[in-house]
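Heads up, the thing below is written out as structure tokens.
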Amino acid sequence: VQPTAPPAPTKAPAAQPTAAPTPTPAPAAQAQPAASPATLQVWWEDTWTEKDVWENIVKGFTATHPNITLTSVPVPFGDMQTKVLTGLAGGLSLDILYSHPVLNATYAAKGALIELDSYLKTSTLKLDDFFESALLQHRYKGKLYSIPLDHECNLYFYNTDAVKKAGLEDPNALYRQGKWTLDTYIQYVGKLSQGTGTDRVYGAAEIPKSLRIQAVWIWGQGGDVFTDDYSATRINEPEALKAWEFLADHIRKGWAPSIDVINNAQAGATGLFNSGRLVFINNIRAYVWTLKEGVPANMVPHPVMPNGKEYARIGTDAEGIYSKTPNRDLAWQALEYLVTNANDALVKAKAASPNRKSVYTSDSWTKSLLPWEVPNADLYLKVANNARGLFLPPGFSEIDKRAQTGYEKITLNKATPKEAMDQAKKEMDPLLKEALQ
Amino acid sequence: VAVLTAPSRLRRPRIRWGRHIEGYLVISPWLIGFVAFTAGPMIASAYLSLTRYDLLSPPRWIGIENFSRMLADDLFPTALLNTLFYTVLAVPSQVLVALLMALALNRQLRGIGFFRAAFYLPTVMPSVANVMLWLWIFNPDLGIANAILRLVGLSGINWLTDPNLAKPSLILMSLWRVGSQMVIFLAGLQSVPDTLHEAAAIDGASRLQRLWNVTLPMISPVIFFNVIVGVIDSFQIFTVAFIATGGGPVNATYFYVLHLYDEGFSNFHMGYASSLAWVLFAIILVFTIGQFLVGRQWVYYEGGERK
């Protein structure tokens with residue numbers, strides 16, 4: 001299939017131009033002198049596959065900064081907020097703290113992270129090389145509190161054999177012809193969902209249950225999650241309701257496996273994909289390596305939405321400086337190193353997408369691509385540019401929980417989208433107001 | 001004066017006071033532990049329940065606002081009703097199953113010790129391992145529960161993901177761990193004098209009549225104890241829902257302590273979480289007093305200590 005002109009990219013409001021600026025020099029290139037020996041501790045999200053990578057990153061830093069010993073502590077994501085905030089109250093000692101869009105504003109509001117703008121003024125780190133859509137998720141009240149280590153945008157990965165067997169045209173080819181629309185996607189997953197019981201093949205996995213991921217479908221219908229000033233939610237407006245209908249149809253119409261089926265499968269949705277029981281999987285590039293080699297795979301961005309635009313959800317792991325560190329300046333040195341070198345190392349290990357535009361043209365990135373990804377390298381950059389960030393207010397998890405309860409009611413036919421989301425909004429708005437007070 | 005007062009000084013309970021000190025010294029590890037880890041936190045919690053406290057800034061006095069906030073908290077009635085539902089169904093079921101097991105095991109048969117140990121074994125299993133085991137049993141495609149249903153021609157059900165079945169499924173799971181209650185019943189059954197059974201048998205009472213008119217009245221204090229402890233435990237159900245369902249589906253297993261935990265350690269509303277803890281304490285206290293009042297009507301104390 002010859003690639004033809006892809007549909008015009010949708011610019012997210014905050015997205016940066018696609019042209020790659022001058023690469024950010026990795027500060028670790030030169031050994032940094034330190035006044036006196038110090039030990040810094042960095043927390044990162046405990047993803048076991050990245051353990052060796054992190055150990056090497058830490059070793060690399062210590063080698064180039066002889067007077068600073070960097071130690072790394074993996075912490076499970078689910079425990080992170082509780083550990084950090086209780087630790088903050090109890091005098092926890094660490095220097096560089098893992099952050100995430102879900103955590104950033106909460107940490108900033110509670111004083112667990114310090115703002116980084118003052119350090120950036122004199123730094124060689126070029127912030128304009130990072131994606132603005134990612135940075136906005138790490139700001140709070142206009143100030144940057146953590147810097148992304150990666151830039152993970154969701155795409156669809158699919159089993160090309162299953163698509164071919166169903167007599168359907170290749171979605172990647174359709175995308176490049178500008179024909180990969182939401183209606184087409186719905187037809188595809190409907191046709192691909194066949195069989196019963198343990199033999200059932202599912203067209204697609206359910207979109208993960210979080211507003212931060214579901215948002216792209218709401219935007220695509222012309223709606224939004226929050227009002228511009230974040231004074232209220234907009235999840236019960238007609239545009240959003242269309243998105244909830246679509247999302248719930250994954251379960252109601254049997255396109256997607258239920259949570260029970262996912263739990264049964266070894267390695268969840270990925271396990272189902274690898275066993276040929278799931279055709280489309282909505283995932284990030286960092287997990288491409290988990291797709292089984294024998295399964296013929298390809299990739300396609302999210303479909304063009306009813307509002308004529310394309311969106312991608314962006315997830316970012318990030319690091320910031322812990323407010324109680326006695327070594328802020330040294331921690332900044334380490335942070336500068338991490339956001340560049342750690343990303344490079346993670347990219348090489350196929351465990352992350354580049355966090356800076358300049359890396360998308362680097363050898364380390366292109367060499368990390370699997371053979372079937374190579375012809376699609378342009379799509380990764382395009383999706384990275386199309387990604388739209390969503391600022392998540394402090395206490396987002398508590399707010400999101402209400403929306404997901406409403407969504408569950410829809411999937412179980414316990415309420416109409418309007419009823420469920422009217423109720424959710426009623427519960428969420430006071431929480432939102434309290435969170436931003 | 002010195003001569004006169006000396007004997008009276010000697011008569012003062014110096015030795016007794018010394019014994020008091022010795023006694024306090026002996027129990028001091030427990031006493032220190034109680035003050036530091038039970039009484040102290042309870043007093044602190046009572047104070048915090050009247051404050052706004054997020055752990056990071058000093059508590060701010062807000063009076064009873066946390067308690068009035070419960071009226072506006074959408075998850076408070078859900079959590080409370082779920083917990084009540086669970087308690088009302090789980091406690092009688094647990095007591096009944098434990099009693100039946102104890103009756104079955106209260107025989108002098110060869111190898112009975114093995115069966116008693118076997119039935120008690122699930123109680124010593126770690127809670128998390130127990131939950132994981134039941135997740136497999138309730139697995140809709142691969143679990144034993146649905147396999148049995150299919151064997152008898154029924155279709156499998158979504159035990160933990162159907163909002164109507166999730167709570168009953170957790171109640172079913174709780175029956176797996178009634179070993180402690182069973183042991184207490186067993187001890188109670190073995191303390192019933194054989195002479196009473198023999199007398200009843202001579203009077204022509206059937207086995208069922210002896211159970212109803214002799215055994216149950218005689219072990220009524222044990223039943224009462226198990227009900228009281230069961231109610232207190234059930235109101236505090238947490239681990240199983242936290243691990244197996246996370247409070248779902250659609251908050252069907254969102255229990256009171258899960259809500260308390262979320263408010264305290266996920267949302268950092270420590271003041272509100274403390275007020276929730278005190279309301280739970282009050283609820284359990286009311287239920288316990290109520291049971292003691294009702295218990296007077298049906299609990300038989302052989303020595304006549306209570307009437």
Side-chain angles (χ1 to χ4, degrees), chain A residues 78-90 106-107 109-112 196-200 209 251 257-266 323-324 394-402 404-415 420 423-424 426-428 430-431 434-435 437, chain B residues 52-59 69 72-79 132 135-136 138-143 145-147 150 155-166 169 242-254 258-259 261-270 272-273:
Chain A
D79 295 347
M80 192 79 76
Q81 182 174 311
T82 303
K83 279 185 193 294
V84 168
L85 295 183
T86 49
L88 187 67
T106 304
Y107 284 172
K110 301 273 185 198
T196 53
T198 48
D199 293 328
R200 182 165 178 80
K209 292 175 188 169
I251 296 296
S258 68
I259 189 72
D260 282 322
V261 178
I262 294 276
N263 288 341
N264 292 350
Q266 225 176 7
S323 61
K324 294 281 171 74
F396 171 74
S397 301
E398 190 187 358
I399 295 165
D400 190 34
K401 186 184 170 82
R402 270 66 178 184
Q404 299 318 315
T405 302
Y407 170 67
E408 263 191 291
K409 285 181 194 165
I410 306 167
T411 59
L412 293 165
N413 291 314
K414 296 272 175 198
Q423 176 64 28
K426 211 171 106 186
E427 294 164 8
M428 290 164 75
L431 294 174
E434 189 185 321
Q437 261 173 5
Chain B
R52 178 165 293 162
Y53 181 47
D54 68 355
L55 214 62
L56 298 169
S57 38
R69 179 180 169 174
D73 176 357
D74 52 287
L75 290 174
F76 174 74
T78 307
M132 299 311 287
L135 283 177
W136 275 105
F138 283 150
N139 189 303
D141 287 338
L142 311 169
N146 275 356
R150 287 190 198 104
S155 57
I157 53 180
N158 295 320
W159 297 89
L160 293 170
T161 50
D162 182 331
N164 298 320
L165 291 176
S169 300
F242 185 71
I243 298 166
T245 59
V250 198
N251 291 332
T253 60
Y254 196 66
L258 207 52
H259 186 40
Y261 172 84
D262 275 351
E263 286 295 341
F265 294 98
S266 300
N267 307 332
F268 287 88
H269 299 147
M270 286 292 174
Y272 184 53

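If you're wondering where the values come from, they're calculated on a predicted model, not measured in any experiment. Note on naming: letters A, B, ... go to the chains in the order of the sequence lines (proteins, then strands), and numbering restarts at 1 for each one. As a basis for the values below, the full set of heavy atoms in this structure was taken, side chains included, without hydrogen atoms, waters or symmetry mates.
- Proximity of A/Glu398 to B/Leu75: side-chain heavy atoms (C-beta onward) are nowhere separated by under 4.5 Å.
- Taking a 6.0 Å sphere around NZ of A/Lys209, one finds it holds more than 12 heavy atoms contributed by other residues, nucleotides or ligands.
- Within the model, atoms NZ of A/Lys409 and CG of B/Asn251 stand 7.5 Å from one another, a figure rounded to the nearest 0.5 Å.
- Summarising the geometry of A/Thr82 relative to B/Phe265, their closest heavy-atom pair is OG1-O, 2.9 Å, with the distance given to 0.1 Å.
- Neither the backbone nor the side chain of A/Ser397 comes within less than 4.5 Å of any heavy atom of chain B.
- To the nearest 0.5 Å, the span separating CG on B/Leu56 from NZ on A/Lys110 amounts to 6.0 Å.
- By number of non-hydrogen pairs under 4.5 angstrom with chain B, the leading residue of A/Gln81, A/Arg402, A/Gln404, A/Lys426 is A/Arg402.
- Within the 4.5 angstrom heavy-atom criterion, no atom of B/Asp162 approaches chain A.
- With a 4.5 Å cut-off on non-hydrogen atoms, B/Phe138 does not touch chain A at all.
- For the options A/Gly395, A/Ala89, A/Ala112, A/Pro430, heavy-atom pairs under 4.5 Å to chain B are most numerous at A/Ala89.
- With a 4.5 Å cut-off on non-hydrogen atoms, A/Leu412 touches chain B through its side chain but not through its backbone.
- Among the candidates B/Tyr254, B/Trp136, B/Trp159, the residue making the largest number of heavy-atom pairs closer than 4.5 Å to chain A is B/Tyr254.
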